Trainee: 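Sharing a structure below in structure tokens format, with a few things to ask.
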Amino acid sequence: MIADRWMRWPSREAFSQGGQSVARLWFVRVLRVVVACVLLWNAFRHDRGWLLAAGIGLVVLSCGLAVAFLRTSFDRRLWPSVTLLLLLTGAGYAAQAGDWKALALVLWCGTGVLALERLPLVAAAVCVPVAMIGFAVHNNDNWLVTGLIVVGLALAGYTLRLDADARGNAQRLLAQERAARAAEAETAALAERARIAREIHDVLAHSLSAQLVHLEAARLLIEGDATRDQILERVVAARSMAREGLSETRQALSALRGEMTPVEDFLHDLVASDKASVSVTGERRALPAEASQAVRRVAQEALTNVRKHAPGAEVFVRLAYGEGEVTLDVRDSGGPPGELAASGAGYGLLGMRERAELLGGSLTAGPGEEGFNVTLKVPT
């Protein structure tokens with residue numbers, strides 16, 4: 001862990017402009033311009049032309065080396081970065097030899113701070129002493145003040161490094177949060193599409209199964225030379241089921257949007273044309289959309305199965321509101337199997353069981369004391 005800290009580069013996010021306030025960006029820009037102007041003013045101290053030109057050239061060269069170092073350190077290129085820092089330090093010694101003391105001090109101090117801020121600590125441990133030795137030797141203050149300045153510069157450079165790391169971590173966390181939100185939104189959209197697809201599938205499966213019952217009955221009537229009115233009755237019933245299927249599809253979409261009639265009213269309307277009774281126990285309350293849809297679909301599927309397997313049987317539907325769950329119980333009185341018992345694929349109750357398990361509930365179906373029982377339990 002310690003070795004990683006010494007060898008680790010600051011993150012690229014730490015030195016990007018993302019996350020920095022406008023005031024901070026302008027402060028850095030203005031500071032760079034002021035430093036460049038001061039250095040140029042220091043270069044104009046000499047009256048002789050060649051010294052003046054040399055001073056200006058040294059300032060321009062130092063600025064170019066600094067810009068190049070910022071780019072190579074951002075790209076995490078170690079040896080070019082170290083070389084550029086050493087060249088900046090050498091430029092400081094050249095400035096000291098040419099009597100540009102202000103330029104030399106700025107180059108040495110800036111080099112030390114930049115090394116601590118932007119390089120791995122092991123590389124900074126090499127570059128910083130080279131710069132600070134030049135500063136300490138040529139600084140006019142006493143050794144105590146010079147030592148305090150060196151320590152202050154080291155603390156400033158390391159503080160800037162910690163600040164940049166914190167800013168980089170904040171940028172990474174923000175990017176991760178945005179990615180997580182995008183993934184969550186995509187997952188929610190996919191789940192919603194799957195829920196709608198499942199709902200439409202169940203509605204159409206129920207509707208088509210009921211239509212198949214009547215159409216199969218019409219086929220058997222035709223083969224048995226039944227009367228025209230008997231055949232027409234089955235065809236009209238199949239057409240009615242098709243219309244009901246379309247209506248239920250619209251109702252399912254409305255229910256998914258939170259626009260639904262109470263489950264009790266739906267059950268009473270559902271059994272209006274059958275020999276069925278509905279009883280409701282417990283404290284009535286509004287159910288979540290998916291739980292309500294599960295109750296409706298299981299009731300439809302159970303009644304369709306009764307029509308296919310035990311036509312004419314009495315059906316008893318009970319809806320019970322319990323503590324934290326709702327129970328739907330559909331029982332029939334049994335009877336001889338109908339002619340359409342073999343029609344259909346038999347996947348209706350399996351799909352209802354899967355729906356119940358997705359909601360954290362359960363569905364049981366099997367023979368009872370008299371007929372067939374279907375019991376659904378879903379949490380609310």
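Atom set for the values below is all heavy atoms of this structure, side chains included, hydrogens, waters and symmetry mates excluded. As the structure is a prediction and not an experimental result, all values here were calculated from the model.
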Trainee: Among T327, L363, L359, V330, which one satisfies side-chain contact (heavy atoms from CB on, under 4.5 Å) with L376?
Mentor: L363
Trainee: Any side-chain heavy-atom pair from V278 and L319 closer than 4.5 angstrom?
Mentor: no
Trainee: With R285, which residues qualify under side chain to side chain donor-acceptor pair (under 3.5 Å), at least two apart?
Mentor: T380
Trainee: Indicate yes or no: at least one non-hydrogen side-chain atom of R297 is less than 4.5 angstrom from one of Q293.
Mentor: yes
Trainee: What residues, two or more places apart in sequence or in another chain, satisfy side chain to side chain contact (heavy atoms under 4.5 Å, CB included) together with P379?
Mentor: none
Trainee: State which residues pass side chain to side chain contact (heavy atoms under 4.5 Å, CB included) with E184; sequence neighbours excluded, sorted by chain then number.
Mentor: none
Trainee: Identify the two heavy atoms, one from S81 and one from F69, that lie closest to each other, and give their separation to 0.1 Å.
Mentor: O-CD1, 3.4 Å
Trainee: E264: what forms a side chain to side chain donor-acceptor pair (under 3.5 Å) with it, not counting sequence neighbours?
Mentor: Y321
Trainee: Sequence neighbours left out, what passes side chain to side chain contact (heavy atoms under 4.5 Å, CB included) with T281? Give chain and number order.
Mentor: R318, A320
Trainee: Could you pull out the closest heavy-atom pair between L107 and A91, with the gap in Å?
Mentor: CD1-C, 3.6 Å
Trainee: Does any non-hydrogen side-chain atom of R234 lie less than 4.5 Å from one of L215?
Mentor: no
Trainee: Once side chain to side chain donor-acceptor pair (under 3.5 Å) is applied, do any residues pair with E186, and if so which ones, sequence neighbours excluded?
Mentor: none
Trainee: Output the distance between atom CG (L160) and atom CG (L155), rounded to the nearest 0.5 Å.
Mentor: 11.0 Å
Trainee: Quick one, D165 and R161 - any side-chain contact, counting heavy atoms below 4.5 Å?
Mentor: yes
Trainee: With sequence neighbours left out, write down each residue that passes side chain to side chain donor-acceptor pair (under 3.5 Å) with Q230, or none if nothing qualifies.
Mentor: T227
Trainee: How far apart are the closest heavy atoms of V378 and A291, and which atoms are they?
Mentor: CG2-CB, 4.1 Å
Trainee: Can you sort out the partners of L65 under side chain to side chain contact (heavy atoms under 4.5 Å, CB included), two or more places apart, ordered by chain and number?
Mentor: L61, L84, L87, L88
Trainee: Starting at CZ of R296, measure out to CG of L267 and round the result to the nearest 0.5 Å.
Mentor: 8.0 Å
Trainee: Is it the case that the side chain of R76 and the backbone of P10 share a donor-acceptor pair, with hydrogens and angles ignored and the cut-off at 3.5 Å?
Mentor: yes
Trainee: Applying salt bridge (Lys or Arg N to Asp or Glu O under 4.0 Å), name anything that partners R181, two or more places apart in sequence or on another chain.
Mentor: E177
Trainee: Return all side-chain donor-acceptor pairs below 3.5 angstrom for residues 113-132, not counting sequence neighbours, or 'none' if the list is empty.
Mentor:
from	atom 1	to	atom 2	distance (Å)
R118	NE	S73	OG	2.8
R118	NH2	L70	O	3.2
R118	NH2	S73	OG	3.4

Trainee: With R219, which residues qualify under salt bridge (Lys or Arg N to Asp or Glu O under 4.0 Å), at least two apart?
Mentor: E216, E223
Trainee: Rounded to the nearest 0.5 Å, how far apart are OG1 of T83 and CG of L78?
Mentor: 8.5 Å
Trainee: Could you list the residues that satisfy salt bridge (Lys or Arg N to Asp or Glu O under 4.0 Å) with E323, not counting sequence neighbours?
Mentor: none
Trainee: Determine whether V67 and R71 make a side-chain contact, defined as any pair of heavy atoms from C-beta on separated by less than 4.5 Å.
Mentor: yes
Trainee: For residues T111 and W108, determine if any side-chain heavy atom of one lies less than 4.5 Å from a side-chain heavy atom of the other.
Mentor: no
